[in-house]
Amino acid sequence: MSTPRPTKYVFITGGVVSSLGKGIAAASLGMLLQARGLKVTIQKFDPYINIDPGTMSPYQHGEVYVTDDGAETDLDLGHYERFLAVSMSRDNNTTTGQIYNEVIQKERRGDYLGATVQVIPHITDEIKRRYVRLAQREHYDVVITEIGGTVGDIESLPFLEAMRQFMMSVGKKNAINVHLTLVPYIPSAGELKTKPTQHSVKMLLELGIQPDILLCRSDRALPLSIRQKIGLFCNVEPEYVIEARDVATIYECPVEFYRERFDERVIKLLHMRTKEPDLERWGKLLRRIKEPKHEVDIGLVGKYAEYHDAYKSIMEAFIHAGAENNARVNLVWVHSEDIEKHGAAKYLRELDGLLVAPGFGERGVEGKIKAVQYVRENGIPFFGICLGMQCAVIEFARTVCGIKNANSTEFADDCANVIDLMLEQKSIQTKGGTMRLGSYPCVLKRGTKAYDAYGRKQIDERHRHRYEVNNAYREQIEAAGLVFSGTSPDETLMEMIELPEHPFFVGCQFHPELKSRAIDPHPLFRTFVRAAVVHAEARRVPEPDTEAV
């Protein structure tokens, strides 16, 4: 039996400014190494003191990504899963809050034998332990670690010091640093400026870290002279100064990095041998994204419509499903509070489909309910996710069943509670990590759109919610024509709804967007976009001239 190859480690850091795309760079590199036949995983280390982002505002953090094992994590884990088509776990995301919490618990237990607990070595040792945790539980050829924040931030210092120590202990053949920086173009000077990159690398050098590869983010090509200049002043050979130019879609990044020989440089530095990557399937995906045959306008109604990162996975799921249907999905952002003020018709009449998004809290809910009513009554394809499904049940109960005060106890205490707090949630006092989280089974009813979409009876989907359909109203709602097409195995939780006579009217309590992959779109998004394409084509067919002789 052959001995497995030692695990190699790639650390990705960022400099100059935040939001340069470390997560996309990590996901792209992981995908390329995976295409070379290597077993790869990616982990994110976030410098904030929250235990996880579960209680953070979408305006501050964007969406909360949920893994199969119920962890509330950074949205970059979504990019990792979408590009690599593998499932991550709670061990793939670590925060400063988790690090300090673990160290303090150990101190309280007496694990440190009376020692003074300090950032070095106790905090850095805990970080290093987590750097290798994934590889100790399962063999990986390469573990890519993205360090959140920007070099120079005080919050990131323990992670960078732990990285320095770790790289020194395993050796340069087994661990490298890829540093992502910005090379801005100054229009008034007509020049690309390398000084920000030089300063960023200087800060790394002051911490004892020499980057092995520089990824240089820019809006235009980097001439050889610029690469040579950067290499000279940053102690990096010019061939390891990699261009990371702006692209039309993030799914171009792996192809562009391959052309820049990014993955080849990483393999060389880590002294590995692999086959050439097969990017044919990815190339087909790209062609369909950039040159689709069809085009549809799908509305996304939410309370955070002005902040798109709150719906990042939904946006990406539409790209995947659009490519599968050879269609470009143009998302039309509609704020639910605008519908409350001006009515639904103004915003929805020209749409080919409508998704009512998940969310929490009462603000904007009545706008979502009005949106559901409009598309239900006008035959426009509808897809509701989590709160979106709950709004559909409330609207149906009010309008069709005649339960005028139907509502959710999340929004009103004195109501016909067709949506109610889950039984196991009623005794919970704390907020963080206490919802129904992670993957749960769902049984689909044969002969429904849900069953046709998946093609099988039992599925597993990821959840993040506290409220559910109240079974006390189930019989009355079903009698009026709404079908509960998916339930928990014991039939106590209503997981999916649909209207059989509607072109496409489907809602789900879970979050299907979290399981959509670039090369494997989610079945519900795929069928919803297909319904939108059919609706669009029907709308564009000219009506017959009834006055012609």
Side-chain angles (χ1 to χ4, degrees), residues 68 87 298 314 317-318 320-321 324-325 353-356 358 372 375-377 379-397 400-401 418-419 422 436 438-465 467-517 520-535 538:
D68 280 337
S87 293
I298 293 180
I314 291 175
F318 273 125
H320 311 157
E324 182 78 4
N325 285 283
L354 179 73
L355 184 143
V356 176
V372 173
V375 296
R376 179 181 62 79
E377 293 177 347
I380 298 172
F382 163 78
F383 188 20
I385 296 177
C386 199
L387 179 59
M389 171 186 135
Q390 294 174 7
C391 288
V393 173
I394 293 169
E395 188 278 322
F396 191 85
V400 180
C401 300
V418 294
I419 306 295
M422 300 179 72
R436 189 179 197 229
S439 183
Y440 289 88
C442 170
V443 178
L444 303 179
K445 186 178 293 186
R446 293 183 185 273
T448 60
K449 288 183 174 68
Y451 186 92
D452 291 343
Y454 285 93
R456 61 183 187 273
K457 188 173 182 180
Q458 182 157 323
I459 59 173
D460 291 275
E461 293 285 359
R462 298 178 188 179
H463 293 66
R464 185 176 184 253
H465 64 103
Y467 294 81
E468 62 171 331
V469 174
N470 187 345
N471 283 320
Y473 292 90
R474 178 180 175 181
E475 186 175 334
Q476 183 178 356
I477 291 172
E478 283 184 313
L482 189 68
V483 174
F484 291 102
S485 51
T487 68
S488 59
D490 62 3
E491 297 190 3
T492 59
L493 300 177
M494 301 300 103
E495 295 278 20
M496 294 193 69
I497 63 165
E498 60 185 72
L499 285 173
E501 304 306 319
H502 195 279
F504 190 93
F505 191 97
V506 174
C508 56
Q509 183 61 73
F510 46 81
H511 289 261
E513 71 274 18
L514 302 179
K515 295 189 77 170
S516 185
R517 306 291 179 255
D520 186 17
H522 192 280
L524 293 180
F525 276 90
R526 185 176 63 235
T527 52
F528 174 51
V529 171
R530 186 181 304 146
V533 170
V534 171
H535 184 82

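No hydrogens, no waters, no symmetry mates; every other heavy atom, side chains included, goes into these values.
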Exam field: side chain [X] to backbone [Y], donor-acceptor pair closer than 3.5 Å:
X	Y	result
H465	P358	no
K449	S485	no
E498	A450	yes
D68	R462	no

Could you state the interatomic distance from [atom1] ([X]) to [atom2] ([Y]), rounded to the nearest 0.5 Å?
X	Y	atom1	atom2	answer
Y473	L482	OH	CG	15.5 Å
L499	R376	CG	CZ	7.0 Å
L354	F528	CG	CZ	6.5 Å
C508	M494	SG	CE	14.5 Å
E324	F525	CD	CZ	14.0 Å
E461	L524	CD	CG	6.5 Å

[X] versus [Y], closest heavy-atom pair with distance:
X	Y	answer
G388	F382	O-CZ, 3.9 Å
P500	G481	CD-O, 3.7 Å
H502	V375	NE2-O, 3.1 Å
P381	A531	CG-O, 3.8 Å
A392	I497	CB-CD1, 3.7 Å
F484	E478	CD1-CG, 3.4 Å

Are any non-hydrogen side-chain atoms of [X] and [Y] less than 4.5 angstrom apart?
X	Y	answer
Y451	K457	yes
Y440	L493	no
R456	L444	no
P512	F383	yes
V372	F505	yes

Note to self: Applying side-chain contact (heavy atoms from CB on, under 4.5 Å) to L387 and Y467, what does each step give before you reach the verdict?
What the structure shows: CA-CA 9 Å; L387 179 59; Y467 294 81; over 6 Å; no
Margin query: If you take the centroid of each ring, where Trp contributes its six-membered ring, are H522 and F318 closer together than 6.0 Å?
Written below: no
Next item on the list: Determine, step by step, whether Q509 and C386 satisfy the side-chain contact (heavy atoms from CB on, under 4.5 Å) criterion, reporting the C-alpha distance in whole Å, the side-chain angles of both residues, the deciding distance to 0.1 Å, and the verdict.
Entry: CA-CA 4 Å; Q509 183 61 73; C386 199; 3.4 Å; yes
Notebook entry, point to check: Are the charged groups of R436 and E495 less than 4.0 angstrom apart, N to O?
Noted result: yes
Notebook entry, point to check: Under the side-chain contact (heavy atoms from CB on, under 4.5 Å) criterion, do T527 and D452 qualify, and how do the steps go?
Noted result: CA-CA 9 Å; T527 52; D452 291 343; over 6 Å; no
Next item on the list: Report the C-alpha separation of R474 and V469 in whole Å, then their side-chain angles, then the decisive distance to 0.1 Å, and conclude whether the side-chain contact (heavy atoms from CB on, under 4.5 Å) test is met.
Entry: CA-CA 8 Å; R474 178 180 175 181; V469 174; 5.6 Å; no
